[in-house]
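Everything numeric in this text was worked out from a predicted model, so none of it was measured.
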Amino acid sequence: GVYIGGDKTRSATLTINPGTKIFGEAGADYLWIRRGSKIMAEGTPDNPIVMSGPLQTSAGEWGGLVISGNAPVNGCNVDVAVCEVPFEAVTSEFFGGNNPTDSSGVVKYVQILFAGNAIRPDEELNGFTLNGVGSGTIIDYVQVHEGLDDGVEVFGGTVQMKHLVLTNNQDDSLDWTSGWKGRVQFALIKQSPSVGDRGIEADNNEKNNDSLPRAQPIVSNVTILGRSGTTATQGILLRRGTGANIFNTVVTGSPTCLMIDSASTFVNAGSPGSLTGELTMVNSFVQCASNYKDGTGSTFKVADWFTSQSENKAEDPLLSGYLPATGSPLILGGVAVADPFFTVVDYVGAFKDSDDDWTEEWTFPFN
């Protein structure tokens, strides 16, 4: 591994110029930005920064990009004033703190290709790992392609992201846990037809589902193209006490579009007739072999939760590939999110229409 700075000591800034290509030779080779240091990786549409394995043919050719920050996380005992926790795969590395606006720099117009490494069973390096990263960090126009594990995994913090392209990753495309309270707008999730778990896998905390701060990101304008088959699972799984506020999202192609699991998740949500506001989904479309699945500890039907909320529809979104086709109901179906991070939109999914393909030019081919 290559580490930038010490942990909150010897802080450094790594600047990567547009068009730079960075290669890791093997699975254990990763780039890690420690707490207090920054990465300034700002490519351009015609000169993106590329981080990859040497062959660019298969997942797991190198370890991936890891950023650790000083924003709040959960998982500590209740009497701990400032929660700091070790990363699951490399336990000597800590993250978390008490600065929600912490900045770890800029990652923009960057491809992260063929990454990931299994350190131990169920404890892996992902394509892009964000540990306690703060909202002062800018992440925009980032592709994670053909990762051995998750595309982007977020462990707590408040990090905000726009224009994500998460393609052909072998586990989950977007995974969060440890109390993440960030934001995402405009994300294309496209699974490989042959391998991959969930489009979104959302937890609060695996060991203590009610650990605080509770995960509750705001997510808008996501297009999830799942995969079918006997080993495929859900487009979105909300479990282990997570909260979330999801807007303008379309889920299609998976065996199940939406699943809520774990008693703490249901309790945190409330009930279809009396939602707490902690777990919501509005102005969204689902179309899967089975649209809904009720997990363990259910106190209401996921179908009732979805259909009771504003402008949700279980119908064909009329996509042409990942873009809205002519006449798609997505084109005039969106709602603005009342939060300054979000661009005001009037459409559902990651793209306004067939002419709004913001993935062009800067991404690695994924079709």
Side-chain angles (χ1 to χ4, degrees), residues 16-24 30-31 33 39-67 105-116 125-130 133 137-154 159-176 182-193 195-200 219 221-227 321-323 349-351 356-367:
I16 304 173
N17 292 326
T20 301
K21 294 179 172 60
I22 296 175
F23 294 95
Y30 47 81
L31 178 59
I33 314 300
I39 180 172
M40 304 301 291
E42 187 165 357
T44 65
D46 54 348
N47 280 295
I49 293 165
V50 178
M51 301 181 182
S52 181
L55 302 177
Q56 297 190 351
T57 57
S58 59
E61 291 185 7
W62 71 296
L65 175 61
V66 184
I67 302 177
V106 176
V107 182
K108 188 171 183 179
Y109 288 113
V110 173
Q111 301 174 10
I112 302 172
L113 312 175
F114 305 101
L125 291 169
N126 308 286
F128 192 14
T129 304
L130 297 161
V133 176
T137 308
I138 296 173
I139 296 176
D140 199 3
Y141 294 100
V142 174
Q143 180 187 21
V144 186
H145 178 71
E146 286 277 4
L148 184 67
D149 193 57
D150 298 331
V152 175
E153 184 160 10
V154 188
V159 65
Q160 305 178 142
M161 298 175 276
K162 281 187 177 178
H163 300 105
L164 299 179
V165 179
L166 309 179
T167 47
N168 293 12
N169 293 293
Q170 294 193 5
D171 194 13
D172 310 308
S173 295
L174 174 61
D175 190 335
W176 71 71
R183 287 154 176 76
V184 169
Q185 188 178 24
F186 309 123
L188 170 62
I189 291 172
K190 184 175 183 294
Q191 292 187 298
S192 160
V195 65
D197 199 358
R198 300 176 175 100
I200 293 176
V219 177
N221 296 101
V222 179
T223 296
I224 299 176
L225 306 181
R227 70 180 189 91
Y322 52 84
L323 297 169
F351 308 95
D356 180 39
D357 189 354
W358 47 260
T359 72
E360 290 183 338
E361 188 175 6
W362 65 274
T363 55
F364 186 87
F366 59 87
N367 288 326

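Using a distance-only test at 3.5 Å, with no hydrogens or angles considered, no donor-acceptor pair links the side chain of Thr137 to the main chain of Val159. Between the side chain of Asn221 and the backbone N or O of Gly349 there is at least one donor-acceptor pair closer than 3.5 Å. Glu42 contributes no side-chain N or O that, together with a main-chain N or O of Pro18, makes up a donor-acceptor pair within less than 3.5 Å.
The closest side-chain heavy-atom distance from Asp171 to Glu153 is not below 4.5 Å. Taking the side chain as every heavy atom from C-beta outward, Glu61 and Pro54 approach each other to under 4.5 Å. Thr167 places none of its side-chain heavy atoms less than 4.5 Å from the side chain of Phe364. Contact check for Thr363 versus His145: no side-chain heavy atoms found under the 4.5 Å cut-off.
Residue Met40 holds its CE atom at 11.5 Å from CD1 of Ile33, rounded to the nearest 0.5 Å. Considering CG of Leu174 and CZ of Arg198, their distance stands at 13.0 Å, rounded to 0.5 Å. We find the CE-OG1 distance between Met51 and Thr20 to be 9.0 Å, quoted to the nearest 0.5 Å. Taken from CG in Leu113 to CD in Gln143, the straight-line distance is 6.0 Å, to the nearest 0.5 Å. With values rounded to the nearest 0.5 angstrom, Lys190 atom NZ is found 11.5 Å from Asn169 atom CG. Atom CD in Gln111 sits 11.0 Å away from atom CZ in Phe366 (nearest 0.5 Å).
Between Gly199 and Ser173, the closest heavy-atom pair is O-CB, 3.3 Å. In plain terms, the two heavy atoms of Ala115 and Gly127 that are nearest each other are CB-CA, 3.9 Å. Heavy-atom minimum distance, Gly147 versus Ala59: C-CB, 3.8 Å.
Applying the side-chain contact (heavy atoms from CB on, under 4.5 Å) test between Asp172 and each of Ile189, Asp197, Ile200 identifies Asp197 as the sole match.
Annotation: side-chain hydrogen bond (donor to acceptor under 3.5 Å, both in side chains) contacts of Glu146 (sequence neighbours excluded): none. The salt bridge (charged side-chain N to carboxylate O under 4.0 Å, His left out) test applied to Arg183 returns Asp339, not counting sequence neighbours. Considering only residues two or more places apart in sequence or on other chains, Asp357 meets the side-chain hydrogen bond (donor to acceptor under 3.5 Å, both in side chains) condition with Tyr322, Thr359. Partners of Asp46 by side-chain hydrogen bond (donor to acceptor under 3.5 Å, both in side chains), not counting sequence neighbours, listed by chain and number: Thr44. Annotation: side-chain contact (heavy atoms from CB on, under 4.5 Å) contacts of Phe128 (sequence neighbours excluded): Leu65, Ile67, Val107, Ile112, Leu130, Ile139, Val142, Val144, Val152. Taking Asp140 as the reference, His163 meet the side-chain hydrogen bond (donor to acceptor under 3.5 Å, both in side chains) condition, with sequence neighbours excluded.
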*asked:* Apply side-chain contact (heavy atoms from CB on, under 4.5 Å) to residues Leu125 and Trp62 and explain how you reach the verdict.
replied: CA-CA 9 Å; Leu125 291 169; Trp62 71 296; over 6 Å; no

*asked:* Under the criterion side-chain contact (heavy atoms from CB on, under 4.5 Å), I'd like the reasoning laid out for Phe23 against Gln56: C-alpha separation, chi angles, the key distance, then a yes or no.
replied: CA-CA 10 Å; Phe23 294 95; Gln56 297 190 351; 3.9 Å; yes

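Between Trp358 and Phe351, the ring-plane angle classifies as parallel under the 30° and 60° cut-offs.
Using modelled atom types and a 3.5 Å distance limit, the side chains of Thr129 and Asn126 yield a donor-acceptor pair.
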